[in-house]
Protein chains: 2
Amino acid sequence: MDDRRKSQLNKILVLFYFAYRTFTDKPDQILAKHHLQRVHHRILFFVGHFPGLTVNQLLAMLEVSKQALHKPLKQLVELGFIHNTPAERDRRSRLLTLTDTGEALEKELSDAQRVFLDQIFTEAGIGTEEAWVQIMAALSQKRPAVGFLKDLQ
Amino acid sequence: MDDRRKSQLNKILVLFYFAYRTFTDKPDQILAKHHLQRVHHRILFFVGHFPGLTVNQLLAMLEVSKQALHKPLKQLVELGFIHNTPAERDRRSRLLTLTDTGEALEKELSDAQRVFLDQIFTEAGIGTEEAWVQIMAALSQKRPAVGFLKDLQ
DNA sequence: TGTGTTAAGTCAATAACATTGACATAAAGC
DNA sequence: GCTTTATGTCAATGTTATTGACTTAACACA
């Protein structure tokens, strides 16, 4: 790798860092008003996006320990944002779904990101979004948890 | 925004999340071997990328408090990874630079990311990298700290 | 039916980390 | 000299993550 390429890649590393910060900024601000943290948004997002997710699947997706998930998940259930119902086929596992207010909160949080990204993709040229998705999908494929996303979606 | 577009943007939110995890994965593993955390990598990366950065500039860039930066930065200085020398023009401010071993550690950490991203961009088609950079630059422009990057670079 | 396994929930101890407020020192600006 | 700025530090507090252990309920299956 020559110096010119390395310099370009360094620029890319900086961009990735700052872009992700922007990405998480607005939801973080909204969460703060509700006295919640980013982990709550992640839970709401994945439960909203993959309704009927089990606790174990959520753990695998977030790549956190059961103990680390326990508190924020319990809070969301107690606050009435998430339903936790036993699965019919295997009553040991619990299916997670959003309540109506959970849906509303998730929408409030993720809409900020969706609108923001939509605007940036619209302002960029044709094909830019596809290219961006291609790169990010390649990076995401390295995640073990991504394997079973297709089973749920 | 119609349902189809919303669904596509949801997919994009998932990709962003998982892609960023992949991005931070390898350095995190290397850091763990050195008993360091992600914040140490950020410090090393920005000091390496913008040598002569002052403490205040680093604070603005990382968007953390002075107290939060204090401990990890002090550790890096004590471990001999970072030099901290008074600026000539204003001897109150301290210029941060990497030592030789600091350079080596930064290289070890960031090389993992550079090689990884280089590979993915190479495998993608022509113009894909440019498109990706365009989007991430648009997102990064929203950061207040990015404004003075040009002054340093 | 009994045994082992799995999913989930919880508790407790400890360590790590962030946050806030306060204060000190040295240098600069004027 | 007085004020401001840049940095460094401490302490108290609160929060979060980590590890290990344990319990309950449900399932699988010989």
Side-chain angles (χ1 to χ4, degrees), chain A residues 21 24-25 28-29 31-43 46-47 50 52-79 81-97 145 148 151-152, chain B residues 21 24-25 28-29 31-43 46-47 50 52-79 81-97 145 148 151-152:
Chain A
R21 288 203 67 129
T24 54
D25 235 17
D28 281 353
Q29 287 168 19
L31 286 159
K33 289 191 293 186
H34 293 266
H35 305 287
L36 298 173
Q37 285 84 41
R38 202 178 292 176
V39 62
H40 296 103
H41 183 197
R42 286 180 184 153
I43 295 170
F46 282 111
V47 172
F50 305 105
L53 202 68
T54 67
V55 173
N56 261 352
Q57 287 172 327
L58 182 58
L59 289 174
M61 215 171 267
L62 297 176
E63 294 171 57
V64 296
S65 68
K66 188 172 53 165
Q67 295 91 328
L69 180 66
H70 175 251
K71 193 178 169 186
L73 180 58
K74 191 180 178 188
Q75 288 172 326
L76 290 174
V77 171
E78 286 175 351
L79 288 167
F81 293 125
I82 285 186
H83 274 311
N84 191 337
T85 52
E88 287 185 19
R89 43 172 199 94
D90 181 348
R91 296 177 53 78
R92 286 173 304 180
S93 50
R94 307 303 209 85
L95 305 187
L96 303 173
T97 50
F148 70 87
D151 303 338
L152 294 159
Chain B
R21 290 203 66 129
T24 55
D25 236 17
D28 281 354
Q29 287 168 19
L31 286 159
K33 289 192 294 186
H34 293 267
H35 304 287
L36 298 174
Q37 285 84 40
R38 200 177 293 176
V39 62
H40 296 104
H41 182 197
R42 284 179 186 155
I43 295 169
F46 282 111
V47 172
F50 305 105
L53 201 68
T54 68
V55 173
N56 260 352
Q57 287 172 326
L58 182 58
L59 289 175
M61 216 171 268
L62 297 176
E63 294 172 56
V64 296
S65 69
K66 186 173 56 165
Q67 294 92 328
L69 180 66
H70 174 250
K71 193 178 170 185
L73 179 57
K74 191 182 179 186
Q75 288 171 327
L76 289 174
V77 170
E78 285 174 353
L79 289 167
F81 293 125
I82 284 186
H83 274 313
N84 191 336
T85 53
E88 287 184 18
R89 43 173 197 93
D90 180 348
R91 296 178 52 79
R92 285 173 305 179
S93 50
R94 306 304 210 83
L95 304 187
L96 303 173
T97 49
F148 69 88
D151 304 338
L152 294 158

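Letters A, B, ... mirror the listed sequences (proteins, then strands); counts begin at 1. No hydrogens, no waters, no symmetry mates; every other heavy atom, side chains included, goes into these values.
- Take A:Gln37 and apply the side-chain contact (heavy atoms from CB on, under 4.5 Å) test, not counting sequence neighbours, and it matches A:Val39, A:His40.
- Looking at residues two or more places apart in sequence or on another chain, you find no salt bridge (charged side-chain N to carboxylate O under 4.0 Å, His left out) involving A:Arg91.
- Annotation: side-chain contact (heavy atoms from CB on, under 4.5 Å) contacts of A:Lys74 (sequence neighbours excluded): A:His70, A:Glu78.
- Residues forming a side-chain contact (heavy atoms from CB on, under 4.5 Å) with A:Leu95 (at least two apart in sequence, or on another chain): A:Thr54, A:Thr85, A:Ala87.
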Shorter than 3.5 Å, N or O on both sides, protein versus nucleotides 19-22 of chain D: list them out with atom names.
unit_1, atom_1, unit_2, atom_2, d
D:dG20, N7, A:Gln67, NE2, 3.1
D:dG20, O6, A:Gln67, NE2, 2.9

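- By the side chain to side chain donor-acceptor pair (under 3.5 Å) test, B:Arg42 is found to be paired with no residue, residues two or more places apart in sequence or in another chain being considered.
- With the nearest nucleotide of DNA chain D identified for both A:Lys71 and B:Thr54, B:Thr54 has the one nearer the 5' end.
- Distances shorter than 4.0 Å separate none of the side-chain N or O atoms of B:Asn56 from OP1 or OP2 on D:dT5.
- The residue among B:Ser93 and B:Lys74 whose nearest nucleotide of DNA chain D is located toward the 5' end is B:Ser93.
- Rounding to the nearest 0.5 Å places OG1 of A:Thr24 at 10.0 Å from NE2 of A:His41.
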**Request:** Output, in order, the C-alpha distance, side-chain angles, deciding distance and verdict of side-chain contact (heavy atoms from CB on, under 4.5 Å) for A:Ile43 and A:Leu62.
**Result:** CA-CA 8 Å; A:Ile43 295 170; A:Leu62 297 176; 4.1 Å; yes
**Prompt:** What dot-bracket string describes DNA chain D from 5' to 3', counting Watson-Crick and G-U wobble pairs whose defining distances are under 3.5 Å, with [ ] for crossing pairs and | for pairs to another strand?
**Reply:** ||||||||||||||||||||||||||||||
**Complete:** Contact string for nucleotides 25-30 of chain D, one letter per nucleotide 5' to 3', B = base within protein heavy-atom range under 4.0 Å, S = sugar-phosphate only, - = neither, reads -BS---
